[in-house]
S.K.: 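Quick one: this structure, given as structure tokens, is what I'll be asking you about.
Reminder, nothing fancy here: chain letters follow the sequence lines and each chain counts from 1. Keep in mind it's a predicted model, so treat the numbers as computed, not measured.
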There are 2 protein chains.
Amino acid sequence: MPIKEVDLERVRELPFLKTANDDTFRRLIQGAFLQRFPAGTTLLTEGDSVDFLYIVLDGTVELSGTWNDKETILALLGPLSTFILAAVVLDTSALMSATTRDRSDILMISGETLRRAMQEDAAFGFAVSQELAGCYRGLVRSMKSQKLRGGIERLANYLITQRVRQGDVETITLPHEKRVLASLLGMTPENLSRAFASLADYGVAVNGPLVTIGRPVVLTRLAKPDALIDNHAPEVMRGGGKARLEAWPNQPERMTV
Amino acid sequence: MPIKEVDLERVRELPFLKTANDDTFRRLIQGAFLQRFPAGTTLLTEGDSVDFLYIVLDGTVELSGTWNDKETILALLGPLSTFILAAVVLDTSALMSATTRDRSDILMISGETLRRAMQEDAAFGFAVSQELAGCYRGLVRSMKSQKLRGGIERLANYLITQRVRQGDVETITLPHEKRVLASLLGMTPENLSRAFASLADYGVAVNGPLVTIGRPVVLTRLAKPDALIDNHAPEVMRGGGKARLEAWPNQPERMTV
DNA sequence: TTCCATCCTTGATCTATGTCACGGAGAGCC
DNA sequence: GGCTCTCCGTGACATAGATCAAGGATGGAA
């Protein structure tokens, strides 16, 4: 699948490619592939050695890990996310599997070329560091959420984050199947159902993939969102008024769709 | 506290400084401080803006996060670990608090200088990327352990990792108080006690900070260690023989003490 | 020595979460 | 319509983990 001019322009706008000089950019693109995959395609299995940096141009990619016949989803990535960057930088094997959830257009950049470019174009190398730092901080946030909050609280905060991202609407649309969401939030589908049921007391009404947040203030009081865990970018949080809610800066961090 | 020549040599050996050119190294050190802190000193509180990259030269530093009056330990760092690198690279505020657990010697490098150096010395910038990538992968491992394993399994794997790192000895020494270990493993101290008690059936005997692993094979059968979760570097795993145990490469990743 | 503080352990109990089983709603198909 | 499939919700139950309370061990400090 040829790389279209319009795709190139989109990719060029990625933060970690924006500061690269034209020469670096050209080199990276020259050895790159753009491929369209159907839903459910396994792009990478954990343990595989990694030859490419992947960039989601369209669709959704799920990053997951397994152990002892159990599986968990670690992140869901939408357009213009990179993944497997850390493994590429270290030229080692992947710790996570990557699977498409929708039909997806994926740009694959040669890992070898990327590493060489980083060592020759310092501005580009710095931008990659920033991208990695963003991924790292995204994971720190997930980890804190996982260890410090209970299931209902994780769900409540997820809903609030979605609400902000979807433009403070009253009714949000869950972007994924509920069993996928359950795994991302670290619980079973059965428990997610029950968590939704519990949130009815806080003004949350569920209708298929549509979730109406009738009393955002009440839900927020339960969720206690925190700027150091929840990344509500690009919108800024209003209301609430507690210490940590006062300043809610945009974080240039990876967003988990 | 003046920076001694011997300290400089140790710091120079850090992977992420080894490839830096002499000029870069000199510049980084020039604006650096070496400070000795007593145990229990808070170096950084989550939310603080970050001006320095920290490097543990001696002692132990705990990275923790809080929410809703609960606290959890995210990592315990020993000598020659860096921390808060991601926040420095992005010039943003810290997501974790950092506290000394022992008396500790900490080298502090100006964040501004570091960022400038990265953009001027591509080899150095690349090395920082590798350091960040290692931190990221360490967190991915923790996350998988947290979401996929139960408390007893997490403890069992912790013990096996310690055994490998301490040189395959029969009796290992827990490097931290048990309540600290409990928080790191994501459980309460009470539950850690009970988890130790359960492991008695698998040949584990506890005596204060000394833990004797009488039947490593039996414990390993329970723990099911996995190269994609547990980082047993620098030693290589022997025995076991299951698929994923065959190759257990040394991972150049951050080690959580 | 006695006192006190800290850390750890243990038992009783409660809560959260996982597991198993079942049934309904809806989509696609013949 | 009737079939089958997947996803979702729900009840009954089992298990893991948290909480509360108490007490034992240890190691200073007076």
S.K.: Would you call the rings of A:F83 and A:Y54 parallel, tilted or perpendicular, taking 30° and 60° as the class edges?
M.R.: parallel

S.K.: Expressed as a whole number of angstroms, how long is the span from A:M187:CE to D:dA16:C1'?
M.R.: 17 Å

S.K.: To the nearest Å, give me how far apart CZ (B:R194) and C1' (D:dA18) are.
M.R.: 9 Å

S.K.: Could you walk me through whether B:L80 and B:V56 pass the side-chain contact (heavy atoms from CB on, under 4.5 Å) test, one step at a time?
M.R.: CA-CA 5 Å; B:L80 295 189; B:V56 185; over 6 Å; no

S.K.: Specify the closest pair of heavy atoms between B:I160 and B:H232, including all atoms of both residues, with the distance to one decimal.
M.R.: CG2-CE1, 3.8 Å

S.K.: What integer distance in Å separates B:R154:CZ from D:dG17:P?
M.R.: 7 Å

S.K.: Measure CD/B:E177 against C1'/D:dT26 and give the value in whole Å, please.
M.R.: 13 Å

S.K.: Under 4.0 Å between any heavy atoms, over every strand shown, what does A:G208 touch: base, sugar-phosphate, or nothing? Just pick one.
M.R.: nothing

S.K.: Assuming nearest nucleotide by heavy-atom distance, tell me which of B:S193 and A:N191 is located more 5' along DNA chain C.
M.R.: B:S193

S.K.: Would you mind reading off the distance between A:L210 atom CG and D:dC8 atom P, rounded to a whole angstrom?
M.R.: 13 Å

S.K.: Heavy atoms only, 4.0 Å cut-off, all strands: where does B:E190 land among base, sugar-phosphate and nothing?
M.R.: base

S.K.: Can you tell me how far C1' of D:dT10 sits from NZ of A:K178, to the nearest Å?
M.R.: 14 Å

S.K.: Does B:Y202, at its OH atom, have more than 12 non-hydrogen atoms belonging to other residues, nucleotides or ligands within less than 6.0 Å?
M.R.: no

S.K.: Check the distance between D:dA25's P and B:N207's CG and give it to me in whole angstrom.
M.R.: 13 Å

S.K.: For the residue pair A:L76 and A:L184, establish whether any side-chain heavy-atom pair is separated by less than 4.5 Å.
M.R.: yes

S.K.: Could you give the CG-to-P distance, from A:L181 to D:dC7, as a whole number of Å?
M.R.: 15 Å

S.K.: Whether the side chain of A:S81 engages the backbone of A:G78 through a donor-acceptor N/O pair (distance < 3.5 Å, no angle test) should be reported.
M.R.: yes

S.K.: Provide the start and end nucleotides, 5' to 3', of the part of DNA chain C that has atoms under 4.0 Å from heavy atoms of chain A.
M.R.: C:dT17 to C:dC20

S.K.: Considering every strand and a 4.0 Å limit on heavy-atom distances, what is the contact class for B:R179: base, sugar-phosphate, or nothing?
M.R.: sugar-phosphate

S.K.: May I have the step-by-step check of side-chain contact (heavy atoms from CB on, under 4.5 Å) for B:R149 and A:N68, ending in yes or no?
M.R.: CA-CA 9 Å; B:R149 308 216 260 229; A:N68 198 27; over 6 Å; no

